[in-house]
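The structure appears right after this line, and notes come after that.
Start at 1 and go down the list; that is how both ligands and their atoms are numbered. Values below: all heavy atoms of this structure, side chains included; hydrogens, waters and symmetry mates excluded.
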Amino acid sequence: MSAIARDMDALRAWLEPHHRTGRTVGFVPTMGALHAGHLSLAERAASDCDVTVASIFVNPLQFGPDEDYETYPRDLDADVARLATAGVGLVFAPDAGTFTPADRRTTVHVEGLTEQLEGASRPGHFDGVATIVAKLFAAVGPCRAYFGEKDYQQLAVIRTMARDLDLPVDVVGCPTVRDDDGLALSSRNAYLTAAQRAAARVIPDTLQATAATWDGDAAAARARLRRTLGAAPGVRLDYAEVCDPETLAPLEGVVEGPAQALVAAFVGTTRLIDNIRLEPRPRR
Ligand code: AMP
């Protein structure tokens with residue numbers, strides 16, 4: 001079984017001898033309700049690093065007022081058992097009241113990467129993410145931190161935050177883990193009925209088709225994504241964009257380098273996100 005730290009003092013006390021003796025520390029922040037996607041990050045961290053810490057914290061700051069903070073799935077005991085199997089030595093599971101006290105006055109805001117896409121649909125979301133991840137990085141100290149490409153914009157935001165604040169954290173992006181039907185694993189997939197689940201397949205299918213037919217024409221790829229997902233039964237498209245993979249600025253016209261296609265859509269009341277890299281194909 002992994003040890004559990006419920007507050008910062010316990011986390012720091014557990015880590016201190018490891019930092020002191022120069023062991024490398026892997027860190028995997030999560031909101032719990034763990035699936036094979038989360039566990040792939042934990043396994044990667046455990047294989048790369050001497051010791052691995054995972055956090056489980058349903059971060060109230062990253063949920064909007066009409067979102068699912070209260071009902072977000074929580075199962076700490078099962079999560080801790082899964083993390084132990086994946087090679088995690090310590091689980092940090094702080095209490096929301098003490099980790100986000102009502103009198104806190106500091107917010108971390110990453111400009112230019114947080115206004116578009118998820119940021120446009122979920123105002124304040126990335127401020128909530130960046131503020132809590134900065135606190136976690138400060139508590140864990142020098143480490144390699146593992147994030148999923150599934151949350152592509154989040155990964156870009158965290159990378160930029162760590163760079164701009166000179167945090168002693170190496171941010172490592174890890175590939176999206178998918179179910180057999182192609183749907184990206186997500187804790188929110190548990191909300192889907194069987195019919196909704198079948199309807200949701202159009203999201204990865206359309207992204208795959210976009211990558212397979214990518215010829216550098218960003219405007220055409222964006223239009224095709226929007227047309228297909230906009231007409232898909234049981235799906236309400238929130239956004240579909242083709243962006244620069246670094247700046248997340250929308251790409252126009254025909255581009256030479258890689259691009260990133262990013263999608264958010266509601267299936268029933270469940271909001272799903274996914275993305276795929278569009279690689280330039282070798283010229284014949
Ligand atoms: P969450 O618990 O949703 O905040 O996710 C915690 C971490 O797991 C984030 O870095 C996510 O990007 C990552 N993650 C979530 N789903 C997947 C997936 N299907 N494949 C890979 N990583 C994932």
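- With respect to Asp9 and Arg12, no salt bridge is recorded, no charged nitrogen being found less than 4.0 Å from a carboxylate O.
- Near Asp151, meaning under 4.0 Å from any of its heavy atoms, are these atoms of ligand 1: 11 (C), 12 (O), 15 (C).
- Between the side chains of Thr98 and Asp95, at least one donor-acceptor pair of N or O atoms lies under 3.5 Å.
- Distances below 4.0 Å separate heavy atoms of Lys150 from the following atoms of ligand 1: 16 (N), 17 (C), 18 (C).
- Annotation: Phe57 is not in aromatic contact with Phe92 [ring centroid separation under 6.0 Å not met].
- Nearest protein heavy-atom contact of atom 4 (O) of ligand 1 is Met31 CG, 3.5 Å.
- Annotation: cation-pi geometry not satisfied between Arg44 and Tyr146 (NZ/CZ under 6.0 angstrom from ring centroid, within 45° of ring axis).
- The atoms of ligand 1 that sit less than 4.0 Å from any heavy atom of Pro29 are 6 (C), 7 (C).
- Pairing each heavy atom of Glu149 with each of Leu155, the nearest pair is CG-CD2, 3.9 Å.
- Shown are Thr269, Val267, Ile273; of these, the side-chain contact (heavy atoms from CB on, under 4.5 Å) with Arg271 is made only by Ile273.
- At the top of the distance list for atom 21 (C) of ligand 1, counting protein heavy atoms only, stands Pro175 O, 3.5 Å.
- Remark: ligand 1 atoms within the under-4.0 Å shell around heavy atoms of Gly37 are 18 (C), 20 (N), 21 (C), 22 (N).
- Side-chain contact check for Glu118 and Tyr239: at least one donor-acceptor pair (N or O, by modelled atom type) lies under 3.5 Å.
- Not a single N or O atom of Ala184, backbone or side chain, sits closer than 3.5 Å to an N or O atom of ligand 1.
- For atom 1 (P) of ligand 1, the closest non-hydrogen atom of the protein is His38 NE2, 3.6 Å.
- Within the listing of ligand 1, atoms 10 (O) sit less than 4.0 angstrom from a heavy atom of Phe147.
- Remark: Arg74 is positioned above the aromatic ring of Tyr69, its terminal NZ or CZ atom under 6.0 angstrom from the ring centre and at most 45 degrees off the axis.
- Contacts with ligand 1 closer than 4.0 Å are made by side-chain heavy atoms of His35 only, the backbone lying farther away.
- Residue Tyr146 has no N or O atom closer than 3.5 Å to an N or O atom of ligand 1.
- Heavy atoms of Glu149 come nearer than 4.0 angstrom to ligand 1 in no pair at all.
- Not a single heavy atom of Ala33 sits under 4.0 Å from any atom of ligand 1.
- In Leu41, the part holding a heavy atom less than 4.0 Å from any atom of ligand 1 is the side chain.
- Here the protein heavy atom with the shortest distance to atom 20 (N) of ligand 1 is Val177 N, 2.8 Å.
- For the pair Gly148 and ligand 1, the shortest N or O to N or O distance falls below 3.5 Å.
- Checked by atom type and distance alone, the side chain of Tyr152 pairs as donor or acceptor with a backbone atom of Pro245 at under 3.5 Å.
- At least one donor-acceptor pair closer than 3.5 Å links the side chain of Gln153 to the backbone N or O of Leu113.
- The only option from Ile276, Asp244, Asn275, Val242 that meets the side-chain contact (heavy atoms from CB on, under 4.5 Å) definition with Gln260 turns out to be Asn275.
- Some N or O of Leu185 is nearer than 3.5 Å to an N or O of ligand 1, by distance alone.
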